[in-house]
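Start at 1 and go down the list; that is how both ligands and their atoms are numbered. Note that these values count all heavy atoms, side chains included, but never hydrogens, waters or copies made by symmetry. Predicted model, so just to flag it, every value in this text is computed and none were measured.
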Amino acid sequence: MTRILFLGDIFGKTGRQVVRDFMPKLVGEEAIDLAIANGENASGGLGLNPGEAQELFGLGLAVLTGGNHTFRYKDTEKMLDKDARLVRPANYPEPCPGRGWTMAETAGGVRVGIGNLMGRVFINASLDCPFQAADRIIEEMKTAGAQITLIDFHAETTSEKRAMSWYVDGRLGALLGTHTHVQTADADLMPGGLAYMTDVGMCGPHNSVIGMSRDTVLPGFLSGRPKRFEAASKGARLNGVIIDFDDSGRATSIKALNLKGVK
Ligand SMILES: [Fe+2]
Ligand SMILES: [Fe+2]
């Protein structure tokens with residue numbers, strides 16, 4: 001049995017802090033074999049800079065996945081090329097810096113393929129087809145020797161994520177949705193052995209509008225004129241999932257986490 005912790009979008013300083021507060025306890029008490037997180041909002045709420053990526057690796061996260069904010073910092077492109085612990089959605093049109101999947105190994109020597117895809121509905125219509133990219137990366141991860149496979153599907157709509165779950169069930173170990181920053185209540189095992197959740201949520205300030213300060217988001221809705229968003233800092237929560245896999249790479253359980261931080 002292999003147990004993997006996957007955390008939803010880490011948002012700004014509050015997100016990094018709540019991960020720092022919970023990680024040692026979670027990894028110890030839950031006997032986590034490998035910890036992964038989506039890091040696309042870890043720096044100030046938008047993007048991930050190389051320094052803060054290193055900070056998160058230092059907290060015990062083996063791999064950081066990305067999304068629509070991954071390319072905010074120019075420096076991150078160089079890191080995406082060099083550091084195999086960082087992945088970005090596989091369906092960005094080529095050429096594109098970085099990689100769409102990577103391989104990590106647990107302390108027990110189990111090889112885990114970790115992929116990243118992005119949706120096209122209401123998020124970025126210019127991307128390549130995520131379904132065709134799923135076919136490609138699942139095959140590539142297995143050919144490279146992955147015993148367990150997992151994909152972070154960074155997408156806006158529940159329908160695109162749900163459709164993808166049926167498309168990959170039977171070929172993939174876990175499909176975990178990110179991007180909306182709101183945890184859904186549908187963590188489940190599918191008939192073909194896929195652990196699925198439409199959105200695992202956000203590690204960050206939940207006293208906010210999906211991470212940003214209410215005072216900077218609400219005026220835009222009320223007046224129709226946008227205001228510069230600022231990251232919120234209160235209502236820290238850690239959102240994610242713990243998934244168990246058997247030796248064949250099939251998921252045997254998925255449990256959602258929604259833990260209240262101190263702030
Ligand atoms: Fe996000
Ligand atoms: Fe996103």
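Protein-derived N/O/S atoms nearer than 2.8 Å to the Fe ion (ligand 2) total 4, waters excluded.
A side-chain N or O of Asp186 and one of Thr198 form a donor-acceptor pair less than 3.5 Å apart. No hydrogens or angles considered: nothing links the side chains of Asp199 and His179 as a donor-acceptor pair under 3.5 Å.
With a 6.0 Å radius and a threshold of 12 heavy atoms from other residues, nucleotides or ligands, Glu105 has its CD atom above the threshold.
A salt bridge between Asp244 and Arg3 is present, with a side-chain N of the basic residue lying under 4.0 Å from a carboxylate O of the acidic one. A salt bridge links Lys255 to Glu30: at least one charged side-chain nitrogen sits closer than 4.0 Å to a carboxylate oxygen. A salt bridge does not link Lys142 with Glu139: every distance from a Lys NZ or Arg NE/NH1/NH2 to an Asp or Glu carboxylate oxygen is 4.0 Å or more.
Its N, O or S atom nearest to the Fe ion (ligand 1) is what matters here, and for His181 that atom is NE2.
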